[in-house]
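Below, read A as the first sequence line, B as the second, and so on, with proteins coming before strands; counting in each chain starts at 1.
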There are 2 protein chains.
Amino acid sequence: MPVTLKDVAQKLDLSITTVSRALAGYSDVAAATRQRVLSTAEEMGYVPNVTARHLRQQRTDTIGFIIPSEGPRFSDPFFNELMAGLGNEAAAHEFDVLVSIHVPGVEEEAAYRRMVYGRRVDGVVIVRIRHDDWRIRFLQQEAFPFVCFGRSEVPGDYPYIGVDGTLGMYLLTRHFIESGHQRIAYIAAPPHFFFATDRKAGFRQALAEAGIPLEKELEILGDLTQQGGYLAMKELLSRFPSADTKPTAIAACNDLMALGAMAAIQDAGLDVGEDIAVGGFDDIPPAAHSHPPLTTVRQPIYQIGAQVMRTLVQLVQHEPLAQRHIVLEPELVIRKSG
Amino acid sequence: MPVTLKDVAQKLDLSITTVSRALAGYSDVAAATRQRVLSTAEEMGYVPNVTARHLRQQRTDTIGFIIPSEGPRFSDPFFNELMAGLGNEAAAHEFDVLVSIHVPGVEEEAAYRRMVYGRRVDGVVIVRIRHDDWRIRFLQQEAFPFVCFGRSEVPGDYPYIGVDGTLGMYLLTRHFIESGHQRIAYIAAPPHFFFATDRKAGFRQALAEAGIPLEKELEILGDLTQQGGYLAMKELLSRFPSADTKPTAIAACNDLMALGAMAAIQDAGLDVGEDIAVGGFDDIPPAAHSHPPLTTVRQPIYQIGAQVMRTLVQLVQHEPLAQRHIVLEPELVIRKSG
DNA sequence: TTGAAAGCGCTAACAC
DNA sequence: GTGTTAGCGCTTTCAA
């Protein structure tokens, strides 16, 4: 059985109150008493019951993070990086992170309700923002603290941190154009994601600026997974069998799909970087280690995760926020793939 | 302000107890009363305060998972897969997962103490078992529920689930030998890990069985990261510059290092699978998508994670365990890399 | 400087 | 069937 305040108080023949105050470092405790309490508590192995403290203080020092997975077997290095950023920063503030994984839908909704109404956590992190995201509406309506990774068009003055997806994809596409590419394909993300629209706009903007007509057949949808990128690329290659219509550069909405596309190109006996250039978005760790290394738009996922957590902690502690909205400039990282 | 039992009780002019019992589905509540309670609670948006319930019931329906990271920027798909398995299974039992990330050391130890003594969670998952693992000793001593991913030599009848690492690495090495390789290098894991010893034994066993003398220079240490595998391979290549002493096959203790080794081989202008065969251990998702796809020893991380969580939930709910120790047979997955 | 008492929201033993 | 009461372990007024 764990040692409680009561145990320590009984042993010292003091009241629970005094022990509590001594431990909390209140100044209205005699120095001698404090010493006795501290050493006895230490010696008895007293550790406060976190749950009791939560109930009393009406806060849990815990942040909720519901990972939206597409299918049960999610496996996206993006979330790994993000989790690292969130987790480390949380630990630095002595906060915990409560993680759930849910496919968007009724279960996800139930998970949010339990977290919010059940006062299970003090705030939540929202990622992979959707158009007209119900999560944002819900949390705003409940006045529950949250911070978004990425922008959204849902009105309101809630905090978000992200990179300018339009600019990022614009930079990548322009890089392709400047390298002499004219037939550039785009592997898009499901359109219900905000960043899908965001990034695609950058792609089209770069084409328009260069006077390259938009060709619908060169835009194809992927599901953000590596497998999805692979399939999309296969489809593109079969759409354009002849050498003079085949795309010479591929911009993928995220790195995972870009890596899948690379595999498809190589399976077709073509050389990535030579025959077909490939670029992605995110700069997840495997991007630097692929063969050839992937050209991509860097989004500092780890740092953004840390910043999101920092902001959220400030928010739940009612500290003033320096900035509610942070839009970082993405950086084009040119490697061997294109 | 969230709706409490008291609010519902007041509105219905009932006692808190009756409301609580009606909601919990006790049979000693009049059917009519139950109906009134249910509909009013629903309508008022009542959701139980999880923290209060936890305090009262002396359990949290939460499982702790402290990820041991080597350095702050951990990025290992292994944990991603594992998290998915743990998280989905936890959700199926209406359990939550509390995640922390800590570099092994004093902070990690403090995190365990807070979780255990603070009764923050009902049980914990232990991964990447170390030799003479203090976590296992500590949890056993405190009689705190835990389940290990992987075996250990710490005595005691605690539950673990894992694959036979010796057999797995033996199968991979034997495969290399049967393919005609004689000079096989091994990229080892830091020896404080139990599985490092485990797997290396399989490597040596296969060599011994084939009468291939053990050459210390062909064994090199890596740190389990992709970068570590890359550096280890570079070192191996520089150790054996001449074509007739160069290793023709590389067995890496995990996939991440195998992928790094592949990159180093390719950077040296050699062909993976042709000039040098490469094999790993784990079968993390990127292994199937690398170029060439990685030959590896499959460890069903997702399923093991789910099984670990299932066992842990049974444990904390005092359900009988069918098996306390599960050692799965690993499966050799032969792909293009070797 | 210390202690008594209240109460966070919930459940459960025990009356009635 | 329903209500009263106690208490999980903690913090924090308020008195003494």
Side-chain angles (χ1 to χ4, degrees), chain A residues 1-38 40-41 44-62 94 114-122 317, chain B residues 1-38 40-41 44-62 94 114-122 317:
Chain A
M1 280 288 91
V3 180
T4 68
L5 273 188
K6 197 172 158 193
D7 299 327
V8 179
Q10 266 170 0
K11 180 140 187 174
L12 289 165
D13 207 24
L14 282 171
S15 73
I16 293 176
T17 315
T18 304
V19 175
S20 171
R21 275 188 299 219
L23 256 22
Y26 277 57
S27 58
D28 60 354
V29 182
T33 314
R34 157 169 306 117
Q35 267 318 313
R36 285 207 304 145
V37 170
L38 255 45
T40 309
M44 292 177 78
Y46 169 75
V47 174
N49 181 314
V50 186
T51 308
R53 187 174 273 180
H54 289 171
L55 178 59
R56 175 62 228 232
Q57 323 228 80
Q58 297 290 76
R59 52 185 183 74
T60 61
D61 292 348
T62 303
E94 303 199 279
R114 276 197 307 141
M115 277 204 183
V116 171
Y117 293 130
R119 288 298 190 262
R120 189 71 217 272
V121 297
D122 295 339
Q317 295 183 336
Chain B
M1 278 291 90
V3 180
T4 68
L5 274 188
K6 196 173 160 191
D7 299 327
V8 180
Q10 266 170 0
K11 180 142 188 170
L12 288 166
D13 207 24
L14 281 171
S15 72
I16 292 176
T17 316
T18 305
V19 176
S20 169
R21 274 187 301 219
L23 256 23
Y26 277 57
S27 57
D28 59 353
V29 182
T33 312
R34 159 170 304 118
Q35 267 318 314
R36 286 207 304 144
V37 170
L38 254 45
T40 309
M44 293 178 75
Y46 170 75
V47 175
N49 180 313
V50 186
T51 308
R53 189 174 272 180
H54 289 169
L55 178 60
R56 176 62 232 229
Q57 323 230 79
Q58 297 290 78
R59 50 184 185 77
T60 61
D61 292 348
T62 303
E94 303 199 279
R114 275 196 309 142
M115 278 205 182
V116 172
Y117 293 131
R119 287 301 189 260
R120 187 72 217 272
V121 298
D122 295 339
Q317 295 183 337

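Sorted by first then second residue, the side chain to side chain donor-acceptor pair (under 3.5 Å) pairs that include residues 16-33 of chain B, not counting sequence neighbours, are B:Ser15-B:Thr18. Residue pairs that meet the side chain to side chain donor-acceptor pair (under 3.5 Å) test with at least one member in residues 1-11 of chain B, sequence neighbours left out, are B:Thr4-B:Asp7.
Judged as a ring pair (Phe, Tyr, Trp, His ring centres under 6.0 Å), and not counting sequence neighbours, B:Tyr46 has no contacts. Residues that satisfy the salt bridge (Lys or Arg N to Asp or Glu O under 4.0 Å) test with B:Arg56, not counting sequence neighbours, are absent from this structure. With sequence neighbours left out, the salt bridge (Lys or Arg N to Asp or Glu O under 4.0 Å) criterion links B:Asp122 to no other residue. Remark: B:Val116 pairs with B:Arg119, B:Phe138, B:Leu139, B:Glu142, B:Phe144 by the side-chain contact (heavy atoms from CB on, under 4.5 Å) rule, at least two apart or across chains. With sequence neighbours left out, B:Arg120 forms a salt bridge (Lys or Arg N to Asp or Glu O under 4.0 Å) with A:Asp96.
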Dump every N/O contact between nucleotides 7-10 of chain D and the protein below 3.5 Å, one line per pair.
from, atom 1, to, atom 2, distance (Å)
D:dG7, N2, B:Arg56, NH1, 3.0
D:dC8, O3', B:Gln58, NE2, 3.4
D:dG9, OP1, B:Gln58, NE2, 3.3
D:dG9, N2, A:Ala52, O, 3.4
D:dC10, OP1, A:Tyr46, OH, 2.7
D:dC10, OP1, A:Asn49, N, 3.1
D:dC10, OP2, A:Leu5, N, 2.7

Can you check nucleotides 14-16 of chain D for protein contacts, nitrogen or oxygen pairs under 3.5 Å, and list what you find?
none

(message) For a side-chain contact (heavy atoms from CB on, under 4.5 Å) check, start with the C-alpha distance between A:Asn49 and A:Arg53, then their side-chain angles and the critical distance, and finish with the verdict.
(response) CA-CA 6 Å; A:Asn49 181 314; A:Arg53 187 174 273 180; over 6 Å; no
(request) Applying side-chain contact (heavy atoms from CB on, under 4.5 Å), run through A:Asp61 and A:Arg59 and close with a yes or a no. (result) CA-CA 6 Å; A:Asp61 292 348; A:Arg59 52 185 183 74; 2.5 Å; yes
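Side-chain contact check for B:Leu23 versus B:Val37: some heavy-atom pair is nearer than 4.5 Å. Within the 4.5 Å cutoff, the side chain of A:Arg114 has no heavy atoms near those of the B:Val50 side chain.
Between A:Thr40 atom OG1 and A:Leu12 atom CG the span is 4.0 Å, to the nearest 0.5 Å. A distance of 11.5 Å separates CG in A:Leu55 from OG1 in A:Thr60, rounded to the nearest 0.5 Å.
Defining each end axis of the helix from C:dT1-D:dA16 to C:dC16-D:dG1 as the rotation carrying four pairs' C1' atoms onto the next four, with five pairs an end, the two axes are found to diverge by 50° to 10 degrees.
Using a 4.0 Å cutoff to heavy atoms of chain A, the contacted part of DNA chain C runs 5' to 3' from C:dT1 to C:dG9.
Toward the 5′ end of DNA chain C lies the nearest nucleotide of A:Ser27, the other residue of the pair A:Ser27 and A:Thr17 mapping further downstream.
One can place CG of A:Leu23 at 13 Å from P of D:dT12, the figure rounded to the nearest angstrom.
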